[in-house]
Amino acid sequence: MPSILETLNAASSAALADMGFPEKIGQTRESDRPDLAPFQCNGAMAAAGILKKQGEKSNPREIAQKIVDKLDGHPAIAEMEIAGPGFINIRPTDETLTARAIELQNDKKVGASQVKAQTIVIDYGGANVAKPMHVGHLRSAVIGECLKRLLRFQGHNVIGDVHLGDWGLQMGHLITELKDEQPDLTFFDESKLEDFPDISPVNMDDLARLYPAASHKAKSDPERMERSRLATAELQAGRPGYRALLDHFIAVSIAALKEGYGALGVEFDLWKGEAAVDPLIPGMIEELKAQGITEEDDGALIIRVATEDEKKDTPPVMLLASSGAVLYHTTDLATLIDRKAEINPDLILYVVDQRQALHFEQVFRAAVKAGWYKREQLNHLGFGTMNGKDGKPFKTREGGVLRLEDLMSMMRAAADKRLSEAGIGADFPEEERADIANKVGVAALKFADLQNQRITNYIFDPERFTAFEGKTGPYLLYAAVRIKSILRKAKDQGVAAGKITVTEPSEAGLVLALDSFDRALKSATEKFAPHLLCDHVFRLAQAFSRFYTDCPILAGETPDAIKASRLALAQTTLRQLELGLDILGIEAPERM
């Protein structure tokens, strides 16, 4: 089921090939001047360049005319015009648009093609045990979730892993602070080796209080810091009571994290952390030593990963510190071994802050050097930061890190204010009104994040994000809700969707917007770039708005056949729009 562009591209490429030129230079693409025509072919200029290099006559307008002559009479082409130095503007026939619209109407994925499935792990989230989620977790969660949904929609087998931070000094801080508060807990009995209580001695509020208290004390008290370090070492050495406590810390934290991520519409398949792969580390170290790729350096065990052609050496991977402690490099390499054994993925994507780029480059090189993976199987998809109006990473007025739940509350409040100003939902039941405000707030926040190129920074601005005009999440929700309202009215009037017939320019524009869905999905997938899908759903919403203005759907004077056709176009648009929004992790309410 080729798109209209694919059909035209095949025709123009074949025409160039028939003239003795490479097919690839004859490609048709979306026009730079859609006001003149939706598509253009620039192959004449490329062909002229080839002839010029060969010392032959090379008039691009003459070549363009020959291309037009070859394409004359093609059933998909209504009109061609040569412009400028040799651009060919191409307009498809209404019959082609109609046929394609009917195909999209009858396709459950509304034009999205299936790809050859791969098994893909996406490592995103990265929240820490015992710490409340904060604004710094937002982008990894939103971008990672979108990419997971996008790749699944394309047909891939995708596993999302939160990769918890649960194996470090913070655990020692928690253990020692809890011991100070409740020294009689059986977890602290060194002689006890098993049968520890199944009920956690702490809840999330306790963890959120214990960690900062211990951390603050340790900063000014060397002896307090040493106690935490010793507890961390004993935990990592396998002390039973401490391991049992860690299990409780993790379980309590995961329950809270599921609630926090759930508010964002983010879900994970795996809730593993660094602690889960700790048992693999001794064997991994021995394997790497046996391969002869490790060496000692000032008492530390390292793998050199710099290449000979580098102008500046990439620092070595640190497997073991001089103290014998494992480091982030070590646990990330062990995680790669675990994923290889348990999942054997074709591809692993790490959706982590761009500031971690060097760390991942080191880890990836070590994994390749060990022969576990090929370099193309490992990708770090970095991203920029969400900043305040001062251009710096967003913080509270007091200069602290804003909790994610507080950020969500800010967005709900901004959405509620915007709804009130617009008089939307004033007479709705309170529960429905609150649900709409929540959906608008989430849509505003997520779309504002995803519409940016992944690597760029952006400014947090709730007022701008929640606007119902412009390129915003609420604008897209309003577009979806408007179509739902039309479909309800049609049902009340006894009007049903029927066969689509495209005759009007705004109908053609809407079909062309629908037809570009698969291209947007493929581009977003190839580049791991959600903003390209955001561009598509926004253009689709704009195209529907023009169609709705220019082409009355349910007006009394509209003939029944045209009502049925336009209603079918609206119905198809809603299906594709909601598919796109769902990939972005955005849910539209039924009414506003």
So, [X] and [Y], do they make that salt bridge, N to O below 4.0 Å?
X    : Y    : answer
K484 : E578 : yes
K148 : E145 : yes
D353 : R355 : yes
E432 : R591 : yes

Proximity of F364 and Y350 rings by center, below 6.0 Å: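 Close enough - the centres of the two rings lie under 6.0 Å apart.
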
Determine whether the aromatic ring centres of residues F538 and Y475 are separated by less than 6.0 angstrom.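 Judged by ring-centre distance (under 6.0 Å), Y475 and F538 do meet the cut-off.
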
State whether the side chain of [X] and the backbone N or O of [Y] hold a donor-acceptor pair below 3.5 Å, judged by distance alone.
X    : Y    : value
S31  : A37  : yes
S253 : A130 : yes
D269 : G160 : yes
T572 : A568 : yes
D161 : H163 : yes
R418 : E463 : yes

Minimum heavy-atom separation for G125 and S140, please, with both atom names.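 Closest approach of G125 to S140: N-OG, 2.8 Å.
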
Show every ring pair (Phe, Tyr, Trp, His ring centres under 6.0 Å) that has at least one partner inside residues 568-592, sequence neighbours left out.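 Qualifying pairs, neighbours excluded: none.
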
Report the residues that fulfil side-chain hydrogen bond (donor to acceptor under 3.5 Å, both in side chains) with N128, sequence neighbours left out, ordered by chain and then residue number.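 So N128 forms no side-chain hydrogen bond (donor to acceptor under 3.5 Å, both in side chains) with any residue.
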
List for me each residue that meets side-chain contact (heavy atoms from CB on, under 4.5 Å) alongside H531, sequence neighbours excluded, and say none if there are none.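 For H531, the residues satisfying side-chain contact (heavy atoms from CB on, under 4.5 Å) (neighbours in sequence not counted) are Q453, A529, D535.
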
Can you find a heavy atom in the side chain of K109 that is under 4.5 Å from one in the side chain of D518?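 No, every pair of side-chain atoms sits at 4.5 Å or beyond.
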
Between H359 and D332, does a side chain to side chain donor-acceptor pair (under 3.5 Å) hold up when you go through it step by step? CA-CA 10 Å; H359 166 81; D332 274 346; 2.5 Å; yes

Just say parallel, tilted or perpendicular for the rings of F468 and Y478, cut-offs at 30° and 60°.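 Rings of F468 and Y478: perpendicular, over 60°.
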
Could you tell me how the ring of W271 sits relative to the ring of F268: parallel (under 30°), tilted (30 to 60°) or perpendicular (over 60°)?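 The rings of W271 and F268 stand perpendicular, inter-plane angle above 60°.
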
